[in-house]
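Some notes on the structure that comes next.
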Amino acid sequence: MTRTTAELDASAAKHLWGHFTRHGAGITPPIITRGEGSTIWDSNGKSYIDGLSGLFVVQVGHGREELAEAAAKQAKELAFFPLWSYATEPAIELAERLAGYAPGDLNRVFFTTGGGEAVESAWKLAKQYFKKVGKPGKHKVISRAIAYHGTPQGALAITGIPALKEPFEPLTPGAFRVPNTNIYRAPAPLDTDPKAFGIWAADRIAEAIEFEGPDSVAAVFLEPVQNAGGCFPPPPGYFERVREICDRYDVLLVSDEVICAFGRIGSMFACNDFGYVPDIITCAKGLTSGYSPIGAMIASDRLFEPFDDGTSSFAHGYTFGGHPVSAAVAMANLDIFEREGINAHVADKAPAFRTTLEKLHDLPIVGDVRGEGFFYGIELVKDKATKETFSDAEAERILRGFLSTALFDAGLYCRADDRGDPVVQLAPPLICGQKEFDEMEQILRSVLTEAGNLI
C-alpha cells in the first residue's frame with residue numbers, strides 16, 4: 001500500500017526519533033524517497049541536487065543497481081556471520097584490498113559498522129597497545145578544537161565541540177584539545193603566512209604533550225581536512241611536523257578519514273594526498289557509498305605485533321563489524337572506483353569545483369571559501385572587512401531560521417552548520433562535473449544574496 005505524504009508525516013511525528021534533529025509542533029522533516037546519480041527526490045516528487053552526498057557518503061552516486069545486486073547475491077549465499085574467532089570470505093578480501101590502498105605498513109584491518117565505532121576502536125587499541133609494550137601510563141588523546149570525531153562516549157570525548165558534549169558529561173576522561181588549522185581566523189601575522197601557521201599549529205601539539213606528560217599521551221587524532229567548523233585544510237608542512245612530533249614522543253598518529261577517505265579529497269586515503277603515513281586510519285562512509293553500513297580501523301603491523309602471540313586478543317568487537325553483505329557491497333563499490341577512474345576524476349575536476357565556488361567571494365556575506373577535493377566550506381560573516389561573525393542569536397536566525405530551509409526549497413541539499421563560525425558545506429557525489437558545480441553555485445548565489453539582506 002502506498003501511503004500519502006501526510007500519512008507518512010503523521011507517522012514520523014508519532015514514532016520516528018531523528019538524529020541530531022529538533023522535534024516539536026510544526027516541525028516536519030522532508031521525506032526522501034529515491035535517488036539517481038547526484039539527484040534526490042522527496043515524497044512530493046520534487047527533485048534536489050544532493051550537494052552533501054547524503055552525509056559525505058554517496059561517492060559514486062545514487063541508484064547504482066550493481067551495488068544492490070552485490071548485496072542481494074551475498075545475502076543469498078551468507079547473510080551474516082560474526083568475526084569473533086571466525087572469518088568470512090568478503091571480510092578477508094576487503095581487508096586485503098584496504099591494506100593495499102593504505103600507505104606504509106598499515107596492513108591490519110579491524111571492521112566496525114560506522115565511523116564513530118572506528119574512532120572508539122582506535123582509542124581502545126592505543127590504550128591496550130601501550131599496556132602490552134610496557135607503557136601503561138600512556139592513555140590520553142589530543143585532538144583539535146571544534147573537531148567532530150563521533151558520538152560514542154570515547155569518540156565524543158575526543159570531539160572538540162563543547163555543545164555536543166555537555167549533555168552527556170562526564171565523558172571518558174583523558175581527552176585534550178589543541179588549536180585547529182583555520183587560517184582565516186588565525187592571528188596576525190600567521191594569517192598571511194600559511195607555512196608559519198602550519199608549523200605554529202603543529203607545535204601546539206608538542207606543547208600539549210609536554211604539558212600533559214609524554215608518558216601519559218597515547219595518540220593524536222586528526223582529520224586530513226577538518227570537517228566541523230567548515231573544511232579546514234592542513235597548512236603546508238603541518239602533517240610533516242606532526243609526524244615528527246608523534247615520533248619524538250612515541251605517540252600514535254590517527255588519521256580520522258571517516259569523511260576524507262575514498263576519493264573525497266582525491267586518493268583512496270587522504271593521508272596520501274597530504275604526504276604523511278599515520279599509525280592508524282579510521283574510515284567508514286564512502287567505503288560502500290552508503291549502500292550498506294560499514295567502517296574500519298586500519299592499523300600498522302607494529303601495533304598488531306603484540307597481539308600476535310597465540311594467547312592475546314584485542315578485547316573489543318561489534319556484532320555487525322565486517323558484515324558479509326556490507327563487505328561485498330564495499331568490494332563492488334571499489335570496483336566502480338577503479339573501473340570508472342573516480343579518484344582521477346576528482347583530481348581532474350577539483351580545481352573547477354574550487355574556481356566555481358570562489359565566484360561567491362563577491363557576495364558581502366561570504367568571508368571565506370576553503371576546502372580540498374570535493375569537500376568545501378563557505379564561511380559566512382557579518383562584516384567582510386573585519387571578518388566579524390554573527391552572534392548566537394543571529395546565527396540561529398540566519399542559518400537555522402532561513403538558510404537551511406531556503407537552500408533546500410531552492411533545490412539544493414547541503415549543510416548550513418553553526419558548530420563554530422557559520423558555514424555552508426558542500427560535498428557532492430564524486431561523479432559530479434561542471435554542470436552540477438554551476439547549478440550549486442547559482443542556487444547558493446541566489447539564497448546567500450537573500451540571506452545577506454537579512455543582516
Side-chain angles (χ1 to χ4, degrees), residues 102-108 110 118-150 154-160 171-181 198-224 226 232 234-235 237-258 260 269-272 274-283 297-307 314 316:
D105 69 341
L106 276 75
N107 293 314
R108 300 293 179 164
F110 183 94
V119 170
E120 194 86 0
S121 300
W123 192 1
K124 291 182 74 173
L125 174 60
K127 288 181 178 180
Q128 191 177 358
Y129 167 77
F130 280 117
K131 285 180 172 62
K132 297 279 287 181
V133 298
K135 298 182 178 182
K138 293 175 79 70
H139 69 283
K140 296 175 183 176
V141 296
I142 292 169
S143 60
R144 296 183 290 205
I146 315 177
Y148 176 81
H149 291 283
L156 186 57
I158 299 171
T159 290
L171 301 174
T172 304
F176 300 89
R177 228 67 54 213
V178 294
N180 57 47
T181 59
I199 299 304
W200 174 87
D203 284 347
R204 302 288 71 74
I205 294 173
E207 185 177 80
I209 293 171
E210 286 283 358
F211 184 83
E212 293 301 323
D215 291 342
S216 72
V217 180
V220 175
F221 282 72
L222 303 173
E223 296 166 278
Q226 182 174 321
F232 305 144
Y238 176 77
F239 274 111
E240 181 181 1
R241 178 63 70 92
V242 170
R243 181 71 269 180
E244 292 172 356
I245 290 166
C246 288
D247 290 342
R248 184 193 318 160
Y249 294 108
D250 192 18
V251 170
L252 304 182
L253 174 55
V254 182
S255 188
D256 183 359
E257 305 204 16
V258 171
C260 291
F269 292 114
C271 55
N272 290 327
F274 298 117
Y276 67 97
V277 179
D279 300 291
I280 298 173
I281 294 173
T282 55
C283 59
M297 173 187 70
I298 308 171
S300 72
D301 286 331
R302 175 174 67 96
L303 300 186
F304 180 80
E305 186 176 353
F307 299 90
F314 179 35
H316 178 59

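Computation of the quantities below employed the complete heavy-atom set of this structure, encompassing side-chain atoms and omitting hydrogens, waters and symmetry-equivalent molecules.
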Please enumerate all residues that pass side-chain hydrogen bond (donor to acceptor under 3.5 Å, both in side chains) together with [X], with sequence neighbours excluded.
X	value
Asp203	Arg241
Glu305	none
Tyr129	Arg302
Asp215	none

Return the minimal non-hydrogen interatomic distance between [X] and [Y], and the atom names on each side.
X	Y	answer
Pro224	Phe239	O-CE1, 3.8 Å
Leu253	Cys246	CB-SG, 3.9 Å
Ala175	Ala157	CB-O, 3.2 Å
Ala118	Met297	O-CB, 4.2 Å
Ala102	Ile298	CB-CG2, 4.3 Å

Do [X] and [Y] have side chains that approach each other closer than 4.5 Å (heavy atoms only, starting at C-beta)?
X	Y	result
Ile142	Val251	no
Trp200	Pro179	yes
Ser255	Tyr276	yes
Phe130	Asp250	yes

Query raised in the report: Say you draw a straight line from CG of Leu106 to CZ of Phe269; how long is it, rounded to the nearest 0.5 Å?
Result: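 The CZ atom of Phe269 is 8.5 Å from CG of Leu106, to the nearest 0.5 Å.
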
**Report entry** Passing candidate, side chain to side chain contact (heavy atoms under 4.5 Å, CB included) with Val254, options Asp279, Thr282, Val220
**Finding:**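 Only one of Asp279, Thr282, Val220 forms a side chain to side chain contact (heavy atoms under 4.5 Å, CB included) with Val254, namely Thr282.
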
**Report entry** Matching residue for Val217 among Ile205, Val141, Ile209 - test: side chain to side chain contact (heavy atoms under 4.5 Å, CB included)
**Finding:**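 By the side chain to side chain contact (heavy atoms under 4.5 Å, CB included) criterion, Val217 pairs with just one of Ile205, Val141, Ile209: Ile209.
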
Query raised in the report: After noting the C-alpha distance and the side-chain angles of Ile158 and Asp256, does the key distance pass the side chain to side chain contact (heavy atoms under 4.5 Å, CB included) rule?
Result: CA-CA 11 Å; Ile158 299 171; Asp256 183 359; over 6 Å; no

Residues in side chain to side chain contact (heavy atoms under 4.5 Å, CB included) contact with [X], at least two apart in sequence or another chain:
X	result
Lys132	Gln128, Pro306, Phe307, Asp309, Ser312
Pro103	Cys271, Asn272, Val277, Pro278, Ile281
Arg144	Ala147, Val178, Asn180, Thr181, Leu222, Glu223, Gln226, Tyr238
Ala155	Val119, Glu120, Pro152

Query raised in the report: Quick one: salt bridge (charged side-chain N to carboxylate O under 4.0 Å, His left out) partners of Lys138, sequence neighbours excluded?
Result: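 Partners of Lys138 by the salt bridge (charged side-chain N to carboxylate O under 4.0 Å, His left out) criterion come out as none, since no residue qualifies.
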
Requested in this report: Answer yes or no: does atom CD of Glu212 have more than 12 heavy-atom neighbours from other residues, nucleotides or ligands under 6.0 Å?
Outcome: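 Yes, enclosed.
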
Apply ring-ring contact (aromatic ring centres under 6.0 Å, His included) to [X] and list each qualifying residue two or more places apart in sequence or on a separate chain.
X	answer
Phe221	none
Tyr249	none
Phe110	Phe314, His316

Query raised in the report: Would Glu207 and Arg204 satisfy side chain to side chain contact (heavy atoms under 4.5 Å, CB included), going step by step from the backbone distance to the final call?
Result: CA-CA 5 Å; Glu207 185 177 80; Arg204 302 288 71 74; 3.3 Å; yes

Query raised in the report: Taking atom types as modelled and ignoring hydrogens, do the side chains of Ser300 and Arg108 form a donor-acceptor contact shorter than 3.5 angstrom?
Result: no

